[in-house]
Amino acid sequence: EAFFRDELGQFFALGKETGLDITQLKGSYAGAMGWGQFMPSSYREFAVDGNGDGKRDLFNNLDDVFASIANYFAKKGGWERGGPVTVRANAAANAQPIEPESLDPLYTMDELARRGFRPLTPVTPAGEHATVVMLDGTSGPEYWFGFRNFYAITRYNISKHYAMAVYQLSEAIAGRAQETTPVAATEPGQP
């Protein structure tokens, strides 16, 4: 109740700040608005003018929408420009699960290796922290390392499936194909 009462106040403040006619705005049943589905407090805090017209319009201006989502990732999630998002990982037959699964990248590469998880491609820069993300693949479990930027996406939407879809879509748009076939498990110490 307190959260939604505050969001209503934020909504009124948003209308006053932006000149938007709040009686005409449409959103979800919970109050999320515009292309990015920002709550009023997030709109006020993270929306930016992406095209330089002096307005922050998340309903009609895609330049503003994309710039605002990027701003949200950077400020709320800690997005690191150029940093890794996720890489496929291999799990040894005796891998120790990360329980409960945390999307916060808490583990060094050495700690993950000791638990039986290794990246399938080199991780750069060295010293990155990650967590293990398990997804249901077509032929069984798939393991991925989620880095700080993967975590940043989950601050926007908590679902690991959503974050992976965003990452894979961005890779497809950039023309970088992703390896998605399952990988056989190996014993510790093997690549």
Side-chain angles (χ1 to χ4, degrees), residues 1-11 13-14 18 20 25-50 56-89 97-107 112 117 119 123 128-138 141-174 176-180:
E1 181 181 331
F3 172 79
F4 289 106
R5 185 180 307 119
D6 180 64
E7 288 299 326
L8 181 60
Q10 296 280 345
F11 184 62
L14 176 68
T18 63
L20 292 170
L25 298 180
K26 294 186 174 152
S28 74
Y29 71 93
M33 303 177 297
W35 283 77
Q37 289 294 280
F38 278 23
M39 294 298 286
S41 60
S42 292
Y43 197 124
R44 291 184 69 213
E45 185 174 355
F46 301 110
V48 294
D49 177 9
R56 301 175 303 150
D57 181 0
L58 302 186
F59 293 93
N60 305 300
N61 188 310
L62 292 179
D63 291 332
D64 291 359
V65 170
F66 294 131
S68 297
I69 293 170
N71 188 49
Y72 186 98
F73 279 11
K75 290 186 175 175
K76 178 106 174 174
W79 183 269
E80 297 169 353
R81 187 180 187 121
V85 178
T86 185
V87 297
R88 275 296 292 270
I98 305 294
E99 295 289 337
E101 187 178 285
S102 170
L103 296 176
D104 198 355
L106 302 173
Y107 306 96
L112 291 169
F117 297 96
V123 174
E128 285 292 324
H129 283 67
T131 192
V132 175
V133 178
M134 187 188 80
L135 299 171
D136 294 325
T138 57
E142 288 183 6
Y143 297 95
W144 296 77
F145 285 170
F147 300 100
R148 171 62 46 198
N149 286 346
F150 187 85
Y151 180 74
I153 297 169
T154 67
R155 298 304 87 211
Y156 184 78
N157 182 315
I158 192 69
S159 169
K160 64 185 178 182
H161 299 100
Y162 175 87
M164 185 60 72
V166 166
Y167 170 72
Q168 289 179 334
L169 178 60
S170 73
E171 290 294 289
I173 291 169
R176 294 185 292 260
Q178 292 296 303
E179 186 275 311
T180 59

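Residue numbers run from 1 in the order of the sequence given.
Side-chain contact between Glu171 and Val166 is absent, with no heavy-atom pair separated by less than 4.5 Å. Between Met164 and Phe150 the shortest side-chain heavy-atom distance falls below 4.5 Å. Residues Leu106 and Thr131 have side chains not in contact (no heavy-atom distance under 4.5 Å, counting atoms from C-beta outward). Gln37 places none of its side-chain heavy atoms less than 4.5 Å from the side chain of Asn157. Counting heavy atoms from C-beta outward, Tyr151 and His129 have side chains that stay 4.5 Å or more apart. The side-chain heavy atoms of Arg56 and Phe46, taken from C-beta on, include no pair separated by under 4.5 Å. Using a 4.5 Å heavy-atom cutoff, the side chains of Val85 and Trp79 are in contact. Taking the side chain as every heavy atom from C-beta outward, Lys76 and Tyr156 never approach each other to under 4.5 Å.
Atom CE of Met134 is separated from atom CD of Glu142 by 10.5 Å, given to the nearest 0.5 angstrom. Distance check, rounded to the nearest 0.5 Å: OG of Ser28 to CE of Met39 gives 6.5 Å. In this structure, the separation between CG on Leu169 and OH on Tyr167 is 12.0 Å, given to the nearest 0.5 Å. Distance check, rounded to the nearest 0.5 Å: OG of Ser170 to CD1 of Ile153 gives 7.0 Å. Separation of atoms OG1 (Thr18) and CG (Leu25) is listed at 7.5 Å; rounding is to 0.5 Å. One distance of note links CG of Leu58 with CG of Leu20; it measures 9.0 Å at 0.5 Å rounding.
Applying the side chain to side chain donor-acceptor pair (under 3.5 Å) rule to Glu128 yields no partners; only residues at least two apart in sequence or on another chain are considered.
In plain terms, the two heavy atoms of Tyr43 and Asp57 that are nearest each other are OH-CA, 3.7 Å. Contact detail for Gly77 and Arg155: the closest heavy-atom pair is CA-CG, 3.6 Å. The shortest non-hydrogen separation linking Gly50 to Ala67 is CA-CB, 3.8 Å. Across Asn149 and Gly78, no two heavy atoms sit closer than the pair OD1-O, 4.3 Å.
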(request) Go through Phe59 and Asp64 one step at a time and tell me if the side chain to side chain contact (heavy atoms under 4.5 Å, CB included) criterion holds. (result) CA-CA 9 Å; Phe59 293 93; Asp64 291 359; over 6 Å; no
(message) I'd like to know whether Phe145 forms a side chain to side chain contact (heavy atoms under 4.5 Å, CB included) with Val132, so could you lay out the CA-CA distance, the side-chain angles of the two residues, the decisive distance to 0.1 Å, and finally the verdict.
(response) CA-CA 5 Å; Phe145 285 170; Val132 175; 4.0 Å; yes
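No donor-acceptor distance shorter than 3.5 angstrom exists from the side chain of Lys160 to the backbone of Thr154, with no hydrogens or angles considered.
Aromatic pair Tyr107/Phe117: ring centres not closer than 6.0 Å.
The aromatic rings of Tyr72 and Phe38 sit tilted, their planes meeting at an angle between 30° and 60°.
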